[in-house]
Amino acid sequence: MSVRVRFAPSPTGGLHLGGVRTVLYNYLFAKHHGGEFVLRIEDTDQSRFVPGAEEYIFNCLKWCGLEPDESPVHNGPYGPYRQSERKELYRSYAETLVTRGFAYYAFDTKEELEKMREELKTEENPSPQYDHRSRKNMRNSLNLTDNEVKELLEKNTPHVIRIKMSENDVVSFTDMIRGEISFQTGLVDDKVLLKADGMPTYHLAVVVDDYLMKITHAFRGEEWLPSAPVHLLLWKYLGWEASMPQWAHLPLILGPSGKLSKRDGAKYGFPVFAMNWTDLKTNELTEGFFEKGFLPEAFINLLAVLGWNDGTEKELYSMDELIASFDIKRVHSAGAKFDYEKAKWFNHEWIKRLPVADLRLQIESYFSASGIDVSDTAKFEQVIELVKDRCSLLPDFVQQGGFFFKAPVTLELDAVKPKWSEEKKQFFVEYVDVLKTISSWELMTVENAFKEMAAAKAIKPGELQLPMRVMLVGGKFGPAVFQIAEIIGKEETVKRMEYALSLF
RNA sequence: GCCGCGUUGGUCAAGGGGUUAAGACGCCUCCCUUUCACGGAGGAAUCACGGGUUCGAAUCCCGUACGUGGUACCA
């Protein structure tokens, strides 16, 4: 049987680091086994509908290179892939469960539920559940007579269908990452399966859809572990146990202070979403890795090894290498704290190893946004090659390479002033004159002229190089100074030096 | 509170009865470089705690602590 996995986000906001990693592990597992990766939209909560969120998810996946094989936009034989469009399907399954005695109708209103929770609430039990104890005192088909239930249903009384958790069983399963896990059913509440609006909850939908879509392996975040017994029981009660997927609950990705939140990102200055997301209600922007200047290759790479390794010392992986070596069983069971410094290191590594032409396409926009013309492709690529060792985020290229195309606006005078002298000034005035006479403008001719003149005047060349650098670059950074002069050309070099001399 | 999951340097982590307890990021020192980087060589820093089991425990078992998630007609 072919491997089929799914990622099932609810389109309610930005796509989190952890979400992307869940997609990634699903994707890698599917591709490693030659299977299919399905994207299903879990939009059963109408009240949380956010316009644009679904399209946003697709954009993120596209940028990451994690294209689904089947989805609302890719189609496939098991559609529709949006749960809101499958609404009619779910009710009959829920009703089958009622008929079989595994679920029941509950007519309790919001107020009645609140009242129950309020009354049962104690210091030891701050959050009472709708469970095998409390259901005895609620308005549901377990306590009402058949006629009463019939009548309520006929009158279209709002109601939900709840799973009837058994009182004293143990449910267990083998998680691909954590091994044997078991739960006492008596401690799990009677989760709602079908809501009053006729939509299924996640619990029903995930089981029905995984079954109908022939999902073989179900990977999801660790936050789902506590509700696993409900899902397990549903597979059993629906009579589908034999086709139940193998489960794996992925560890959480944590922030500097516990669970990684949007707030952490804002607070500590790093992205938590794959791409920029603006909350429609609050207008609050949460930065994305894309906009921050990460390469998708690096983003994928760093996420892959956050919680997984292949047992070797290898850390840098291309997508193909990940597909080849990924093994869900080698995923760590413990949560991992996200380290932004290391994330930047991955990006730096990928900047160094990516072909210049690829890099060029991804950084052009940063230059044009800064009003720098990089239409001379050959020169642009030469510059990229020269400065890429110094860039860990894509926007760094503007700082590190911009001066090749545009004279620095401000010069770091403090770097020169303390050691500046009339003697040095005289040197540069004369040097500029010499430069003007050079006919073959090359690195060696420029440098040799410099050294000869320095020797003649008995000044250490090193003491002169820094001022010259500041003249051409504006600051204390960048590649070899004569190389810069060679690339920007005679006219520009002379121009920058003469301007700088007027300031020093 | 209850339930689940987890706990190897600051962070990511290998190792799953006998190791000098790998490696990476970050940090520090030095070399290269009269800039900033890259690169190279070093360094500081770890098995949460307490009990067992065992000739021997980071590794197995039990407790405790701590962290984290769940405890919704959210996913």
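Protein chains get the first letters and strands the later ones, always in sequence-line order, with residue 1 at the start of each. Because the structure is a prediction, the values reported are computed rather than measured.
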Closer than 4.0 Å, any side-chain N/O of A:Arg117 to the OP1 or OP2 of B:A72? yes

Give me the distance, rounded to whole Å, that separates B:C61 from B:G18 when you measure between the P atoms they each carry. 16 Å

What interatomic distance, in whole Å, is found between C1' of B:G1 and the corresponding atom of B:G43? 49 Å

Salt bridge A:Arg178-A:Glu222, side-chain N to carboxylate O under 4.0 Å: yes

Looking at B:U34, B:U11, B:C36, which one has an atom nearest to any side-chain atom of A:Pro461? B:U34

Nucleotide nearest A:Arg469 (side chain, heavy atoms from C-beta), chosen from B:G26, B:U35, B:C2: B:U35

Of the listed nucleotides (B:U7, B:G10, B:U71), which one gets closest to any side-chain atom of A:Asp339? B:G10

Tell me if the aromatic rings of A:Tyr25 and A:Phe326 count as close, with their centers under 6.0 Å from one another. yes

Glycosidic class, syn or anti, of B:C38 using a 90° window around 0: syn

Rounded to whole Å, the CG-P distance (A:Asp189 to B:C2) equals 17 Å

Centres of the A:Phe294 and A:Phe346 rings: under 6.0 Å? no

Out of B:A75, B:G69, B:C2, which has the shortest distance to the side chain of A:Trp224? B:A75

Distance check needed: B:U35 C1' versus A:Asp389 CG, whole Å only. 15 Å

Would you indicate, yes or no, if B:G39 has its OP1 or OP2 atom less than 4.0 angstrom from a side-chain nitrogen or oxygen of A:Arg390? no

Could you check whether the side chain of A:Lys342 and the base of B:A24 have a donor-acceptor pair of N or O atoms closer than 3.5 Å, going by distance alone? yes

By the 4.0 Å heavy-atom rule, please label A:Val473 as base, sugar-phosphate, or nothing. nothing

P spacing across the pair B:G10 / B:A22, given as an integer number of angstrom: 16 Å

Mind checking A:Glu42 for me? I need base, sugar-phosphate or nothing, with any heavy atom below 4.0 Å counting as a touch. sugar-phosphate

Salt bridge A:Glu112-A:Lys110, side-chain N to carboxylate O under 4.0 Å: no

Under 6.0 Å between the ring centres of A:Phe37 and A:Phe7? no

What about A:Trp224 and A:Tyr202, are their ring centers closer than 6.0 Å? yes

Contact class for A:Ser333 vs. all strands (heavy atom < 4.0 Å): base, sugar-phosphate, or nothing? sugar-phosphate

Tell me: NZ of A:Lys329 to P of B:A14, nearest whole Å? 17 Å

N or O in side chain of A:Thr44 less than 4.0 angstrom from B:A75 OP1/OP2: yes

Just checking A:Phe397 against A:Tyr366, ring centres under 6.0 Å apart? no

Rounded to whole Å, the CG-P distance (A:Asp264 to B:U68) equals 11 Å

Can you tell me, in whole Å, how much space there is between the C1' of B:G15 and that of B:U59? 9 Å

Of B:G23, B:U71, B:A75, the nucleotide closest to the side chain of A:Tyr202 is B:A75

May I have the distance from A:Asp327 (atom CG) to B:A14 (atom P), rounded to whole angstrom? 13 Å

Atom C1', compared across B:C2 and B:C60: separation rounded to whole Å: 29 Å

Can you tell me how far P of B:C73 sits from CD of A:Glu111, to the nearest Å? 13 Å

Considering every strand and a 4.0 Å limit on heavy-atom distances, what is the contact class for A:Asp108: base, sugar-phosphate, or nothing? base

Output yes when at least one side-chain N/O atom of A:His332 is less than 4.0 Å from OP1 or OP2 of B:A14, else no. yes

For A:Ile41 against A:Pro72, the heavy-atom pair lying closest together: CG1-CG, 3.6 Å

C1' spacing across the pair B:U34 / B:A13, given as an integer number of angstrom: 40 Å

Between A:Asp190 and the options A:Arg135, A:Lys164, A:Arg162, A:Lys136, the salt bridge (Lys or Arg N to Asp or Glu O under 4.0 Å) test singles out A:Arg135

Where are the stems of RNA chain B, defined as at least 3 consecutive Watson-Crick or wobble G-U pairs with both distances under 3.5 Å? B:1-7 with B:65-71, B:10-12 with B:23-25, B:27-31 with B:39-43, B:48-52 with B:60-64

Considering every strand and a 4.0 Å limit on heavy-atom distances, what is the contact class for A:Ala343: base, sugar-phosphate, or nothing? nothing

If you compare every side-chain N and O of A:Arg330 against the phosphate oxygens of B:G15 (OP1, OP2), does one of them come in below 4.0 Å? yes

Let me spell it out: for each of A:Cys391 and A:Gly307, pick the nucleotide of RNA chain B with the closest heavy atom. Which residue's pick is nearer the 5' end? A:Gly307

What interatomic distance, in whole Å, is found between C1' of B:A44 and the corresponding atom of B:U11? 16 Å

For A:Lys352 and B:G39, is the shortest distance between a side-chain N/O and OP1 or OP2 below 4.0 Å? yes

Starting at NZ of A:Lys388 and ending at C1' of B:C36, how long is that distance when rounded to a whole Å? 18 Å

Side chain of A:Leu225, heavy atoms from C-beta onward: which of B:A13, B:U35, B:G4 has the nearest atom to it? B:G4

A:Arg48 has its side chain closest, among B:U71, B:C12, B:C74, to B:C74

Round to the nearest Å and state the distance from A:Gln129 atom CD to B:C2 atom C1'. 8 Å

What interatomic distance, in whole Å, is found between C1' of B:G70 and the corresponding atom of B:A75? 13 Å

Choose from B:U11, B:G4, B:A22 the nucleotide whose nearest atom is closest to any side-chain atom of A:Glu313. B:A22

Any side-chain N or O of A:Lys195 below 4.0 angstrom from OP1/OP2 of B:C74? yes

For B:C2, take OP1 and OP2 only and decide whether either is under 4.0 Å from a side-chain N or O of A:Asn125. no

Do the ring centers of A:Tyr56 and A:Trp277 come within less than 6.0 Å of each other? yes

Least distance between heavy atoms, A:Leu234 atom then A:Ile163 atom: CD1-CD1, 3.5 Å

Residue A:Val192, side-chain heavy atoms: nucleotide from B:C73, B:U7, B:C12 that is nearest: B:C73

Nearest-neighbour nucleotide for the A:Trp345 side chain, B:G26, B:A75, B:U34 considered: B:G26

Under 4.0 angstrom, heavy atoms only, what part of the nucleic acid is A:Ile181 near: base, sugar-phosphate, or nothing? sugar-phosphate

Name the nucleic acid region contacted by A:Pro128, choosing base, sugar-phosphate or nothing; use a 4.0 angstrom heavy-atom cut-off, strictly under. sugar-phosphate

